[in-house]
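Below, each value reflects all heavy atoms present in this structure, side chains not excepted, and no hydrogens, waters or symmetry copies. Everything quoted here is computed from the prediction, not taken from an experiment. Throughout, protein chains are lettered first and strands after them, A, B, ... in sequence-line order, and every chain is numbered starting at 1.
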Amino acid sequence: EDALLPAPQNISILSTNMKHFLTWSPVIVQGETVRYSVEFQGEYEREYVNESWIPICECSLIAATVCNITEDISATVAYNLRVRADIGARRSEWGTLKGFFNRITTSLTPPLMKVIADGYHLLVELEDMGPAFQFCVLYWKKGQESRVQQKVVKEVSSVIHLDTMEAGPDYCVKAQTYVEAINRSSSFSQTQCVRAQGGRSMWL
Amino acid sequence: TAGNKIFHFGSCRISMSVTEIRSGFTAIKANIQARDPVRTLSILSYPHSLHKVKSSDRCCITHHLFNFYVDKVFKHCKTEDSYVNRKISSIANSFLSVKRKLGQCHEQKKCMCGQESTEKFNQILANYEGLNVTSAAIKSLGELDILLDWVE
């Protein structure tokens, strides 16, 4: 009788900027292609639907050892996740993530940002990180750190106009992300400073 | 923006990812509404629209309705379509999160129930129980945008 396949081990979540991935160690069987299937269970399923599990069809019988679960982790509640292995008719037990995963624990990185001096106009370009993200942009005249101004950017479209600069002083800018769904912010990006000089862009 | 909003129901303030709920519902709305066998009835809007509820009763009705959907509706909406089931799970888990917050307001006496909201909710329950459970659940799920529009 075929030996039972070992269940996948080292099951863990990689979650950055509200993108969530389940990963696990491969099950090694010489000369065979092992395939994996993933299921999830939200708090609702645990409490109201007899602890039922829901398959993620994009991660059914896949050869990879990673599954993008972002689409299914779409509420700020505790989720359970599990994965099992298959080779033909042989099937392993479920390997289950140790502990729950709640998207509130996602790691938030500072946004990529590019500050532009377009003549006397202070502009900033922000990375589009998806609909869940807002940005808090701080800008000030160098040396006047006590008079920081703030602009909240709710939707990234194109270049954002921050201010009209005077000729001479440097203007500095930094930004952080904010995710309303989990009420958390990233740390601030590196500060970037520019200076207006006539009509020409000046990058420091 | 895409994301949470803070909703004020009198002194009860709760954040809700309405956009996420709505996008989950929009993805399956046509599929769910196509399964609704009884087109001539409404669970939420018969005989009166939710918009007739006094503002002082809004918190209580909202609390009742989120409980109603979590306790009664979603579990009877399982379909043969895995994609639809995943979206229902996403909505249900979001509703559970909001239900808890409303429950806290209720415990803190910030979400009191007047006669009108009690009557309105009893009418909704009567509409629901007038159908067999699967039809009633599918119809209620199909009316989710009525609830979301009213809440927003």
OH (Tyr48(A)) and CG (Leu96(B)) are apart, to the nearest 0.5 Å, by 5.5 Å
Cut-off 4.5 Å, heavy atoms of chain A, and the answer for Lys99(B) is side chain
Check this for me: Arg39(B), atom CZ, are more than 12 non-hydrogen atoms of other residues, nucleotides or ligands nearer than 6.0 Å?
yes
Taken to the nearest 0.5 Å, the spacing of Thr76(A) OG1 from Arg100(B) CZ works out to 12.0 Å
Item checked: Phe21(A) atom CZ: more than 12 heavy-atom contacts under 6.0 Å -> yes
Looking only at Glu71(A), Gln41(A), Glu43(A), most heavy-atom pairs under 4.5 Å shared with chain B are made by Glu43(A)
Scanning both residues in full, the closest heavy-atom pair of Ser82(B) with Pro55(A) reads OG-O, 3.9 Å
- Message: Does this structure show an ion pair linking Arg86(B) with Glu45(A), if we count only N-O contacts that are shorter than 4.0 Å?
- Response: no
More than 12 heavy atoms from other groups under 6.0 Å of CD on Gln190(A)
no
Q | Atom CD of Glu145(A): over 12 foreign heavy atoms under 6.0 Å | A | yes
Greatest number of non-hydrogen atom pairs under 4.5 angstrom with chain A, of Ser94(B), Ser89(B), Gly24(B), falls to Ser89(B)
Under 4.5 Å to a heavy atom of chain B? For Glu47(A) that would be side chain
Heavy-atom nearest pair, Ala181(A) first then Glu20(B), reads CB-OE1, 4.2 Å
Whatever's closer than 4.5 Å to a heavy atom in chain B on Ile56(A) counts as both
**Asked** Just wondering, are more than 12 heavy atoms of other shown residues or ligands nearer than 6.0 Å to NE2 in His106(B)?
**Response** no
Shortest non-hydrogen pair, Ser97(B) vs Val77(A), comes out as CB-CG1, 4.0 Å
Residue from Ile21(B), Asn85(B), Asp71(B) scoring the most non-hydrogen pairs under 4.5 Å with chain A is Asp71(B)
Closest non-hydrogen atoms of Ala75(A) and Ser90(B), given as atom of the first, atom of the second and distance, are CB-O, 4.2 Å
TODO: Kindly check if the number of other-residue, nucleotide or ligand heavy atoms within 6.0 Å of CD (Gln144(A)) is above 12?
DONE: yes
Next on the checklist: Quick one, Tyr44(A) and Phe74(B) - any side-chain contact, counting heavy atoms below 4.5 Å?
Outcome noted: yes
